[in-house]
A.B. asks: 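Below is a structure I'd like to ask you about.
Below, chains carry the letters A, B, ... as their sequence lines are ordered, and counting in each starts from 1.
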Amino acid sequence: MEIEKTYNSAKAEQTWYQYWLDHKFFKSTPDHRTPYTIVIPPPNVTGVLHMGHMLNNTIQDVLIRRARMLGYNACWVPGTDHASIATEAKVVSLLKEKGINKTDLSREDFLAHAWDWKEKYGGIILEQLKKLGASCDWDRTRFTMEEGLSEAVIDVFVDLYNKGKIYRGVRMVNWDPQGLTAVSDEEVIHKESAGKLVYVKYKIEGTGDFITVATTRPETIMGDTAVCVNPTDERYAHLKGKNVIVPVVNRVVPIIFDDYVDAAFGTGALKVTPAHDINDFNLGQKHKLPTIDALNPNGTISEAAGAYVGMDRFACRKQIIIDLTEQGLVEKIEEIKNKVGYSERTNAVIEPRLSMQWFLKMEEVSKPALDAVVSGDVKLIPEKFINTYKHWMENVHDWCISRQLWWGQRIPAWYDGLGNTVVAKDFNEAVIKFEEKFGVIVIEEKQIKQDEDVLDTWFSSWLWPLTVFDPKIVQNGWDKANEDLKYYYPTNDLVTAPEILFFWVARMIIAGKEYTGQKPFTNVYLTGIVRDKQGRKMSKSLGNSPDPLDLIERYGADGVRVGMLLCSPAGNDLMFDESYCEQGRNFANKVWNAFRLIKGFVVDDSIEAPQSSKAAITWFENKLSEQLEIINDHYSKYRMSDALMTTYKLVWDDFCAWYLEAIKPDFVDGKALPIDKATYDATIGYLESLLKIMHPWMPFITEEIWHLLKERGEKECVIVAEWPKVKAELDHRQLVEFEVSKELVATVRNVRAQKQLSPKEKLEVIEKSEATRSYFDETIKKLANLSAFSYTKEKVEGAFSFQIKTTEFYIPLASSLNKEEEIVRLTKDLEYNQGFLKSVQIKLANEKFVSNAKPEIIASERKKESDALSKIKTIEEQLKSL
RNA sequence: GGGAGAUUAGCUCAGCUGGUUCAGAGCACCUGCCUUACAAGCAGGGGGUCACAGGUUCGAACCCUGUAUCUCCCACCA
């Protein structure tokens with residue numbers, strides 16, 4: 001069989017993913033085994049795979065594949081999030097392209113369009129995950145707005161309302177004038193930006209005097225209902241009881257006094273606009289000021305403003321500054337930096353706006369969720385996020401859960417127009433409740449109206465780990481939870497970005513505690529943000545984000561997976577560069593070629609294994625086990641990059657560079673000699689172990705080689721192979737001895753390089769030693785291409801000499817040694833050792849060191865001293881003999 | 001404004017309880033090699049005052065105190 005010289009990733013990926021699917025290796029149902037569960041952070045249904053997903057899902061896949069091999073019942077639940085605001089925005093803009101305005105559509109028609117779109121394009125991202133190799137149980141695919149899950153959301157709303165934890169009220173909320181909806185605090189991103197602090201003069205009523213206020217938002221002047229100063233501010237003490245005239249609209253408003261105002265900022269006088277600033281709102285409540293909403297929901301100036309009506313808020317800001325300047329009312333303008341809130345979804349500048357919304361009281365429900373993390377019941381990896389989490393949970397505000405959108409779970413509240421409100425699961429139940437609670441008999445359907453708003457997306461995704469298994473959990477309670485939930489919940493690991501620690505992770509813990517009394521997951525692995533080489537966040541607008549699918553095409557899924565994880569320490573951002581993928585691809589190719597070599601071996605049953613191979617075999621058995629233990633340890637600490645790098649070096653360095661080179665049959669007359677059966681079998685065994693260890697990182701190539709290596713049963717795949725076991729006892733002495741042998745080999749190679757001797761020319765090495773044979777001699781001979789490796793008790797004259805540790809070696813060279821060069825080399829070596837000896841001796845002469853340091857430290861220093869002394873002696877002898 | 005973290009080779013990062021696994025890894029780089037698994041490779045090699053300044057200690061990349069720079073999170077100062 002002819003094997004291709006380079007690994008063909010596309011073919012293997014196509015073949016094996018389908019094979020795994022066909023044989024249901026991703027599928028999980030409850031059984032007697034211990035479960036290992038991950039629920040995917042559901043990507044937005046509008047999403048296309050980006051580098052963040054790539055990283056995130058690769059980690060999950062590595063974890064789930066390894067768990068599967070460890071014998072757990074591994075279950076990875078995939079799905080998508082309906083992402084109400086993002087999806088609605090997308091659908092609105094698509095409709096607009098077709099010339100359809102959302103406002104011209106009925107709710108039902110709009111939703112029909114939205115579902116249409118979802119059915120057509122909503123599955124794209126999941127298909128993309130398959131390209132990467134994600135071994136999700138696709139039969140369990142869920143969508144946060146599918147029937148059962150939506151029902152659970154309504155159940156939760158009703159339940160929390162009945163428990164008095166949900167309320168409705170007029171509050172200052174973060175308003176997105178583009179999305180035309182309220183958003184939660186967490187959906188507002190504060191960015192520093194350059195602003196203008198405008199000093200505007202307000203005329204004091206009945207005098208010729210002015211009071212100057214400083215504002216960054218002059219367009220809200222029309223909404224002013226007071227000017228406020230600090231009561232201790234003597235500059236303004238005389239203004240008690242006075243009124244001022246608001247410019248533009250000439251409204252007379254009072255001067256009020258409140259110590260909220262910082263006398264040191266600006267002029268010490270604050271214009272109060274209760275409708276457009278949370279602080280002003282609080283002041284307004286306190287001082288019973290009227291509220292004038294000068295802005296429309298879409299960010300234009302409202303009728304109530306009485307001026308600039310219909311103008312956009314930013315255009316108005318510019319214009320009003322011009323107009324006030326003309327009127328001589330602008331004292332000065334300062335350039336300042338201030339933080340401006342932007343909508344996470346639409347990137348519009350958030351407007352604080354007074355409106356009627358639904359809220360969830362957070363204080364009480366968040367306590368158990370705080371404790372879960374603080375006590376370590378839920379572990380955050382890395383731990384540094386515990387602080388942030390704690391801080392947030394201790395300072396939570398009530399959560400605004402209503403959104404002025406259509407795409408999402410509609411709020412199950414009904415109003416009768418007489419001021420009565422009922423929260424119920426559906427219309428029929430609402431009718432019953434109206435009668436029970438208010439004695440209102442509902443005769444016809446339109447008598448009561450359901451709330452127009454939908455719930456925040458996170459109000460459904462916080463139930464994700466529960467409802468993907470049992471949508472009826474809220475109705476039935478934990479005691480009557482279905483088999484799936486009882487079996488898989490709590491899940492094991494959650495892999496997600498730190499950005500949504502509060503949005504999502506914290507809230508899942510809250511919901512989990514509330515409805516099952518248990519945490520939703522044990523470990524939360526927080527990935528970093530994928531950045532480009534310059535440290536900029538990858539984003540569409542910057543155009544610095546490579547297309548993951550394109551990368552997969554060019555480097556292979558395994559290559560990209562390895563590349564990503566090579567540069568991603570837990571919790572730190574990852575500076576991604578394509579060269580990592582190249583490294584991943586090169587590694588895959590290295591593995592491929594190791595396989596080609598092994599596959600090409602011709603076995604001869606009649607020959608016995610040479611000593612060089614026997615020694616290599618026992619060494620590698622120990623090495624493999626030693627490294628596997630380290631790899632397992634890295635996994636247990638979620639040190640993914642380290643686990644991968646250890647695997648990488650085990651395969652490339654230990655297996656390919658040393659083991660295979662040691663056992664590879666020689667060539668004679670242009671033909672490879674056959675290999676003995678024992679060595680062949682051992683080698684195949686090692687390769688199989690390595691394929692297993694590599695499989696979580698590189699699922700495709702390992703499966704491909706696994707099957708090319710020998711005939712296998714239909715279900716005998718590496719994906720379900722058993723994870724190798726660590727040997728009970730390692731031969732550490734042998735491991736160390738081989739390290740010394742490697743050093744010897746390297747030194748011989750170095751001598752060749754320096755003396756410009758061909759690697760083909762055989763050399764002889766003589767060791768000065770009392771012993772006459774050691775275990776790896778034959779292996780060394782093979783690796784260093786020696787004609788002989790012998791021992792002597794006497795110094796060898798006229799040969800090239802060197803030392804490893806304290807042992808001296810000689811290489812007799814045909815060409816005579818260059819005496820001058822040797823003297824220089826040895827003198828340098830001598831000086832180094834003398835200096836080293838001196839520093840050790842100073843340490844040992846220090847009484848404080850000897851009396852304070854631990855005995856083993858002192859012993860090791862003494863050893864250093866004696867070693868150095870013997871080395872120096874040897875070098876001096878060598879110099880003398882030259 | 002509050003909090004958290006970081007700063008080690010050209011780059012990305014390890015370095016656990018202070019001491020032979022203490023200055024490391026991978027990549028990049030340099031020098032030889034198209035040697036019959038692999039040039040996506042092989043062999044060899046050169047790179048660091050561990051951000052800076054003090055302190056504790058017999059001993060500091062590691063502990064303490066400052067300083068600088070960077071990143072992130074939180075926050076209602078117009």
A.B. asks: Map A:His397 and A:Ile529 onto RNA chain B by nearest heavy atom, then report which one ends up closer to the 5' terminus.
C.D. replies: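 Comparing both residues, the 5'-ward one is A:Ile529.
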
A.B. asks: Looking at residues 212-233 of chain A, who's got a heavy atom less than 4.0 Å off RNA chain B?
C.D. replies: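 Within residues 212-233 of chain A, the residues near RNA chain B are A:Ala214, A:Thr215, A:Thr216.
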
A.B. asks: In chain order, what residues pass the ring-ring contact (aromatic ring centres under 6.0 Å, His included) check against A:Phe802, with sequence neighbours excluded?
C.D. replies: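 Result, ring-ring contact (aromatic ring centres under 6.0 Å, His included) vs A:Phe802: A:Phe809.
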
A.B. asks: Considering only distance and modelled atom types, tabulate donor-acceptor pairs under 3.5 Å from the side chains of residues 648-663 of chain A, sequence neighbours left out.
C.D. replies:
from     : atom 1 : to       : atom 2 : distance (Å)
A:Tyr648 : OH     : A:Gln583 : NE2    : 3.4
A:Tyr659 : OH     : A:Thr683 : OG1    : 2.9
A:Glu661 : OE1    : A:Lys664 : NZ     : 3.4

A.B. asks: Return whichever of A:Gln583 or A:Asn387 has its heavy-atom-nearest nucleotide of RNA chain B closer to the 5' end.
C.D. replies: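 Closer to the 5' end of RNA chain B: A:Asn387.
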
A.B. asks: Can you check the A:Ile189 CD1 to B:rC73 C1' distance for me, whole Å?
C.D. replies: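 To the nearest whole Å, that distance equals 13 Å.
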
A.B. asks: A:Leu650 has an atom CG; how far is it from atom C1' of B:rG26, in whole Å?
C.D. replies: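 That distance rounds to 15 Å.
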
A.B. asks: Once each nucleotide of nucleotides 37-50 of chain B is scored for protein heavy atoms under 4.0 Å, what B/S/- sequence comes out, 5' to 3'?
C.D. replies: BBSBSSSSS-----

A.B. asks: Give a yes or no on whether a salt bridge exists between A:Asp633 and A:Arg639, defined as a side-chain N under 4.0 angstrom from a carboxylate O.
C.D. replies: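 No.
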
A.B. asks: Identify, with sequence neighbours excluded, every residue that meets side-chain contact (heavy atoms from CB on, under 4.5 Å) alongside A:Val253.
C.D. replies: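 A:Val244, A:Val246, A:Arg251.
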
A.B. asks: What string of B, S and - do you get for nucleotides 55-64 of chain B, 5' to 3', when a contact is any protein heavy atom under 4.0 Å?
C.D. replies: ---B------

A.B. asks: Do A:Tyr7 and A:Glu704 have side-chain atoms, one donor and one acceptor, less than 3.5 Å apart?
C.D. replies: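 No donor-acceptor contact under 3.5 Å links the two side chains.
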
A.B. asks: For residues 842-850 of chain A, please give each side-chain donor-acceptor pair under 3.5 Å, one per line with the distance, not counting sequence neighbours.
C.D. replies:
from     : atom 1 : to       : atom 2 : distance (Å)
A:Asn846 : OD1    : A:Lys848 : N      : 2.9
A:Asn846 : OD1    : A:Phe849 : N      : 3.4

A.B. asks: By the salt bridge (charged side-chain N to carboxylate O under 4.0 Å, His left out) test, which pairs, at least two apart or in different chains, include something from residues 213-224 of chain A?
C.D. replies: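 Matches after skipping sequence neighbours: A:Arg217-A:Glu219, A:Arg217-A:Glu351, A:Glu219-A:Arg317, A:Asp224-A:Lys271.
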
A.B. asks: Show me the dot-bracket string of RNA chain B, counting Watson-Crick or G-U pairs under 3.5 Å, with | for pairs to another strand and [ ] for crossing ones.
C.D. replies: (((((((..((((.....[....)))).(((((.......))))).....(((((..]....))))))))))))....

A.B. asks: Round to the nearest Å and state the distance from A:Asn395 atom CG to B:rA4 atom P.
C.D. replies: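 About 14 Å, once rounded to whole Å.
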
A.B. asks: Under the rule for ring-ring contact (aromatic ring centres under 6.0 Å, His included), what residues qualify as partners of A:Trp175, not counting sequence neighbours?
C.D. replies: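 Applying ring-ring contact (aromatic ring centres under 6.0 Å, His included) to A:Trp175 gives none.
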
A.B. asks: List in chain and number order the residues that pass ring-ring contact (aromatic ring centres under 6.0 Å, His included) with A:Phe601, two or more places apart in sequence or in another chain; answer none if no residue qualifies.
C.D. replies: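 Testing A:Phe601 for ring-ring contact (aromatic ring centres under 6.0 Å, His included), a comparison that skips the adjacent residues, returns none.
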
A.B. asks: Which atom pairs link the protein and nucleotides 8-13 of chain B when you take only N or O atoms and keep those under 3.5 Å?
C.D. replies:
from   : atom 1 : to       : atom 2 : distance (Å)
B:rU12 : O4'    : A:Tyr580 : OH     : 3.2

A.B. asks: Taking only the side-chain nitrogens and oxygens of A:Tyr199, find out if one of them lies under 4.0 Å from OP1 or OP2 of B:rA78.
C.D. replies: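 Looking at the OP1 and OP2 atoms of B:rA78, neither is under 4.0 Å from any side-chain N or O of A:Tyr199.
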
